Structure formats: C-alpha cells, structure tokens
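A short worksheet on the structure shown next.
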Amino acid sequence: MSNRNISLQISAYAYSCIEEVSDRDYSGKYKTLVKKLGQLILKNGLIQTLVFFQSKEKKEHDLLIKHLAEWWLQSPLLDFNLEINYSENKKIRTKNKKVIEKIVNLDSSKYKNCAKEGIKLSIWLARLADGMVADE
C-alpha cells in the first residue's frame, strides 16, 4: 500500500473522530488535548501518556484513547490484535484499560510502531480540530 493511500486513510479516520466530538460539550478540551498528544508521546512515551489520560477520568481523555485504539486496530501498517469492540455497550474506560494492558505487553518493535502511528494520528487530529472545533 502506498504512503499516499495510508495518508488518505489516516486523514479520513481523523476526520471521523473530529466529527464525532465536534458537537459535544467537551470538544474544546478535546481540541486542546489532541494538540498536545504528539508532544506528550515524544516526551513521555506512549504508555505513560495513555496511563496519564486514563488517570484523568474525563470524557475527552477517554475518547482520545478510544480514537487511538481504533486507529491501531484498522491501520494497514500495524498488526494490532485486540479483542475489543468499541461498538459494544460496555464502558469505554474498561475497554481503554484493556488497550493499555495490550500496549504494555507489546514487543519493542510493535510498541514503536504504535507510538509512530499515534503521533501521525495526532498531527491529523490537531489539523482538523483547528478547523472544525471551536476553542474552549
């Protein structure tokens, strides 16, 4: 698969994420969060960033973990096997905890790939949030 096709896929996915959050009362907070996401991953690491988000117990943090996990599940560059279906009616925080457990147990190569894909997604989310979501 060409890089152009992957770029189109990630941009389309990011667009759907921003669309999902744009009409929610915490969309401005989500926008601020996605603008910081890439830097947080680079500075602190993927696991630490996810655990930090999970500890906040806020909707915007939970939704961002979900968006990352769903991208990892569908990314053509990753082999991220996770037996979690976010469309089922279970608590998002419980599913996010399982995602974090999965990331913690990845080998270093897969972990690095997930971090890279998370950073790529954060770039698209931040770009689109700038245009589609009002500031806080």
Side-chain angles (χ1 to χ4, degrees):
M1 183 167 292
S2 76
N3 284 342
R4 179 162 167 70
N5 288 341
I6 293 168
S7 183
L8 287 173
Q9 284 181 345
I10 198 167
S11 65
Y13 175 73
Y15 182 83
S16 70
C17 293
I18 298 301
E19 241 184 0
E20 178 184 355
V21 77
S22 65
D23 63 345
R24 302 207 179 163
D25 59 341
Y26 53 86
S27 62
K29 292 177 183 176
Y30 181 90
K31 177 181 178 178
T32 302
L33 196 58
V34 297
K35 290 175 129 187
K36 296 177 183 178
L37 176 61
Q39 242 355 73
L40 287 170
I41 294 171
L42 286 172
K43 183 178 178 183
N44 303 315
L46 180 60
I47 293 170
Q48 292 85 340
T49 300
L50 294 174
V51 170
F52 172 72
F53 287 173
Q54 184 78 353
S55 72
K56 289 298 186 179
E57 297 185 14
K58 294 185 177 178
K59 292 177 183 179
E60 60 272 15
H61 291 84
D62 291 340
L63 191 59
L64 186 50
I65 295 172
K66 174 187 177 251
H67 287 159
L68 285 164
E70 287 181 332
W71 174 247
W72 292 327
L73 287 166
Q74 64 183 281
S75 171
L77 299 177
L78 297 176
D79 180 22
F80 193 75
N81 297 323
L82 182 65
E83 288 130 22
I84 292 178
N85 183 354
Y86 276 98
S87 63
E88 293 173 355
N89 282 338
K90 282 189 177 177
K91 289 190 115 188
I92 188 173
R93 293 189 53 72
T94 303
K95 293 176 185 178
N96 286 347
K97 184 178 177 188
K98 289 182 181 181
V99 168
I100 294 170
E101 288 170 3
K102 171 73 174 182
I103 295 290
V104 167
N105 292 309
L106 290 175
D107 65 48
S108 64
S109 146
K110 289 183 180 181
Y111 173 81
K112 287 177 189 175
N113 288 337
C114 282
K116 285 179 190 176
E117 287 296 298
I119 291 167
K120 286 182 197 175
L121 180 60
S122 75
I123 292 166
W124 276 106
L125 288 171
R127 285 177 185 165
L128 293 168
D130 268 341
M132 297 171 64
V133 175
D135 290 329
E136 283 185 83

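These numbers were taken from a predicted model, which means no experiment stands behind them.
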**Prompt:** Which is it for Glu20 and Lys66 under the salt bridge (charged side-chain N to carboxylate O under 4.0 Å, His left out) test, yes or no, and what are the steps along the way?
**Reply:** CA-CA 12 Å; Glu20 178 184 355; Lys66 174 187 177 251; 3.4 Å; yes
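- Here the rule is side-chain hydrogen bond (donor to acceptor under 3.5 Å, both in side chains) with His67, and of Tyr30, Tyr13, Trp72 only Tyr30 fits it.
- Side-chain atoms of Cys17 and Leu125, non-hydrogen and from C-beta on, do get closer than 4.5 Å to each other.
- Here the closest non-hydrogen pair linking Ala129 and Ile18 is CB-CD1, 3.9 Å.
- In plain terms, the two heavy atoms of Cys114 and Ile103 that are nearest each other are SG-CD1, 4.0 Å.
- Across every non-hydrogen atom of Tyr111 and Gly45, the tightest pair is OH-C, 3.8 Å.
- In terms of modelled atom types and a separation under 3.5 Å, the side chain of Lys56 and the main chain of His61 share no donor-acceptor contact.
- Partner of Leu63 under the side chain to side chain contact (heavy atoms under 4.5 Å, CB included) criterion, out of Asn96, Leu33, Val21: Val21 alone.
- Counting only distance, with no hydrogens or angles, the side chain of Gln54 and the backbone of Arg93 share a donor-acceptor pair below 3.5 Å.
- In plain terms, the two heavy atoms of Leu68 and Gly118 that are nearest each other are CD2-CA, 3.8 Å.
- Distance CG/Leu64 to NZ/Lys29: 15.0 Å, rounded to 0.5 Å.
- At least one donor-acceptor pair under 3.5 Å links the side chain of Ser27 to the backbone N or O of Arg24.
- Between Lys112 and Glu117 no salt bridge is recorded (no basic side-chain N to carboxylate O distance below 4.0 Å).
- Taking the charged nitrogens against the carboxylate oxygens, Lys59 and Asp25 have no contact shorter than 4.0 Å, which rules out a salt bridge.
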**Message:** For Ile41 and Ser122: C-alpha separation, side-chain torsions, deciding distance, then whether side-chain contact (heavy atoms from CB on, under 4.5 Å) applies.
**Reply:** CA-CA 10 Å; Ile41 294 171; Ser122 75; 5.6 Å; no
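- Without hydrogens or angle criteria, Thr49 side chain to Leu40 main chain gives a donor-acceptor distance under 3.5 Å.
- Listed here is the closest heavy atom pair of Phe53 and Ile65: CB-CD1, 3.7 Å.
- Residues Val34 and Val133 have side chains not in contact (no heavy-atom distance under 4.5 Å, counting atoms from C-beta outward).
- Separation of atoms NZ (Lys43) and CD (Gln48) is listed at 12.5 Å; rounding is to 0.5 Å.
- When side chains are defined from C-beta on, Lys31 counts as touching Asp130, because their heavy atoms get closer than 4.5 Å.
- Counting only heavy atoms from C-beta outward, the side chains of Asp107 and Lys110 approach each other to under 4.5 Å.
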**Request:** Go through the steps for Ile10 and Trp71 under the test side-chain contact (heavy atoms from CB on, under 4.5 Å), then give the verdict.
**Result:** CA-CA 8 Å; Ile10 198 167; Trp71 174 247; 3.7 Å; yes
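- Taking OG of Ser11 as the start and CG of Leu128 as the end, the distance is 7.5 Å to the nearest 0.5 Å.
- No more than 12 heavy-atom neighbours from other residues, nucleotides or ligands sit within 6.0 angstrom of OH on Tyr15.
- Around CD of Gln39, the count of heavy atoms belonging to other residues, nucleotides or ligands within 6.0 Å does not exceed 12.
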